[in-house]
Amino acid sequence: MEEIENKVAKSGLITLDLEEQRPDWQIVGIDIAVALFEGLVLREKDFREFVAHHNWEAYRDKAVHIYCSADAIVPTWAYMLMATQLADVAVKTIFGSESELKLELWRDFICSIDLSEYQDQRVIVKGCSDEAISESIYVELSMLLTPVVKSLMFGEPCSTVPLFKRK
């Protein structure tokens with residue numbers, strides 16, 4: 001009986017699985033609309049009182065996106081005031097949607113990857129994941145890896161698409 005040989009394991013390929021490596025982000029949103037008078041108007045005195053008495057500690061070690069669900073004109077300083085309260089509490093704070101926050105978190109994450117372990121290696125960026133990862137993240141990852149790796153592929157070790165090979 002002939003033993004089955006795992007050629008992929010012996011190939012020297014390194015698989016980079018973004019989903020497997022990423023931190024466990026806790027994402028929460030703050031809707032500024034809850035602090036608006038009748039859900040429409042920002043009154044400075046009332047808003048400052050809301051900010052002063054809000055439980056900012058609830059956002060400790062979380063990634064926060066500030067947004068407004070109401071069709072209201074909110075001055076920029078209001079978002080900035082909220083951000084000042086989150087500066088020492090949240091791990092990341094942006095103005096925008098949850099998807100915009102996730103994109104920022106992915107960008108921060110891929111920029112923090114230690115590229116030295118991929119130096120002169122044949123790298124496969126894993127293609128299938130449970131979480132939808134933006135194509136822009138894969139583009140940025142390609143830009144980071146291309147100067148470092150010997151070759152770059154996309155997909156699974158058993159079925160890859162070649163992307164780059166250093167001459």
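The model shown is predicted, which means the values in this text are computed figures rather than measured ones.
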**Study point:** Minimal non-hydrogen separation, Leu36 against Ala72, with atom names
**Key:** CD1-CB, 3.7 Å
Practice item. May I ask you to check whether over 12 heavy atoms, not counting those of Asp71, lie within 6.0 Å of atom CG? Key: no
Check your understanding: Cluster question for you: counting only ILVMFWY and a side-chain heavy-atom cut-off of under 4.5 Å, with indirect links fine, are Val161 and Tyr118 together?
Key -> yes
Point to revise | Full working for side chain to side chain contact (heavy atoms under 4.5 Å, CB included) between Ile27 and Glu98 | key: CA-CA 8 Å; Ile27 295 173; Glu98 182 177 343; 3.9 Å; yes
**Study point:** Connected via hydrophobic side-chain network under 4.5 Å: Val91 and Trp25
**Key:** no
Check your understanding: Can you list the steps and then say if Gln121 with Leu13 is a side chain to side chain contact (heavy atoms under 4.5 Å, CB included)?
Key -> CA-CA 7 Å; Gln121 298 296 320; Leu13 296 170; over 6 Å; no
Exercise for review: Check whether Ile66 and Val34 end up in the same hydrophobic cluster, where Ile, Leu, Val, Met, Phe, Trp and Tyr are linked by side-chain heavy atoms less than 4.5 Å apart.
Suggested key: yes
Review point. Is Glu20 atom CD crowded by more than 12 heavy atoms from other residues, nucleotides or ligands, each under 6.0 Å away?
Key: no
Review point. Under 3.5 Å, is there a donor-acceptor pair between the side chain of His65 and the main chain of Ile94?
Key: no
Review point. Looking only at heavy atoms, what is the nearest atom pair of Val148 and Arg166, with distance?
Key: O-NH2, 2.8 Å
Review point. Among all residues two or more places apart in sequence or in another chain, which pass the ring pair (Phe, Tyr, Trp, His ring centres under 6.0 Å) test with Phe154?
Key: Tyr138
Review point. Between the side chain of Ser134 and the main-chain N/O of Ser136, is any donor-acceptor distance below 3.5 Å?
Key: yes
Practice item. Please round to the nearest 0.5 Å and tell me the distance separating atom NZ of Lys92 and atom CG of Leu86. Key: 13.0 Å
Exercise for review: Go through Leu16 and Ile124 one step at a time and tell me if the side chain to side chain contact (heavy atoms under 4.5 Å, CB included) criterion holds.
Suggested key: CA-CA 6 Å; Leu16 173 54; Ile124 301 170; over 6 Å; no
Review point. Once you round to the nearest 0.5 Å, how far does CG of Leu163 lie from CG of Leu152?
Key: 5.0 Å
**Study point:** Which atom of Leu81 lies closest to which atom of Thr84, heavy atoms considered
**Key:** O-OG1, 2.6 Å
Review point. Do Gln21 side-chain atoms and Leu18 backbone N/O form a donor-acceptor pair below 3.5 Å?
Key: no
Check your understanding: Just how far is it from atom OG of Ser142 to atom CD1 of Ile137, taken to the nearest 0.5 Å?
Key -> 11.0 Å
Revision key, fill the gap. For Phe164 and Lys150, the nearest pair of non-hydrogen atoms, with its separation, is CE2-O, 4.1 Å
Exercise for review: State yes or no: are the ring centers of His54 and Tyr59 separated by less than 6.0 Å?
Suggested key: yes
Point to revise | Flag side-chain contact, heavy atom, 4.5 Å: Tyr79 against Ile32 | key: yes
Practice item. Would you give the length of the straight line joining atom CD1 of Ile133 to atom CG of Leu141, rounded to the nearest 0.5 angstrom? Key: 9.5 Å
Check your understanding: Is there a chain of hydrophobic side chains (I, L, V, M, F, W, Y, each step under 4.5 Å between heavy atoms) that links Val41 to Phe50?
Key -> no
Practice item. Please work out which of the three classes, parallel, tilted or perpendicular, describes the rings of Trp106 and Phe109, given edges at 30° and 60°. Key: perpendicular
Exercise for review: Give the C-alpha distance, both sets of side-chain angles, the deciding distance and a yes or no for side chain to side chain contact (heavy atoms under 4.5 Å, CB included) between Gln85 and Val51.
Suggested key: CA-CA 8 Å; Gln85 299 301 307; Val51 170; 3.5 Å; yes
Point to revise | Pairwise distance CE(Met82) to CH2(Trp77) - rounded to 0.5 angstrom | key: 11.0 Å
Check your understanding: Is there a donor-acceptor contact under 3.5 Å linking the side chains of Gln119 and Ser116?
Key -> no
Check your understanding: Which atoms form the tightest heavy-atom contact between Ala78 and Leu42, and what is the distance?
Key -> CB-CD1, 3.6 Å
Review point. Can you check salt bridge (charged side-chain N to carboxylate O under 4.0 Å, His left out) on Glu140 and Arg107, steps first, answer last?
Key: CA-CA 8 Å; Glu140 290 179 43; Arg107 278 194 181 107; 2.6 Å; yes
Check your understanding: Is Lys45 salt-bridged to Glu49, cutoff N-O under 4.0 Å?
Key -> no
Practice item. Report yes or no: do Leu115 and Ile14 belong to one cluster of Ile/Leu/Val/Met/Phe/Trp/Tyr joined by side chain heavy-atom distances under 4.5 Å? Key: yes
Practice item. Evaluate the side-chain proximity of Val149 to Asp120: yes if any heavy-atom separation is below 4.5 Å, no if none is. Key: no
Revision key, fill the gap. In terms of heavy-atom contacts, Val74 and Cys68 come closest through CG2-SG, 4.0 Å
**Study point:** Asp88 CG: over 12 foreign heavy atoms closer than 6.0 Å
**Key:** no
Exercise for review: Nearest 0.5 Å please: distance from the CZ atom of Phe95 over to the CG atom of Leu101.
Suggested key: 13.0 Å
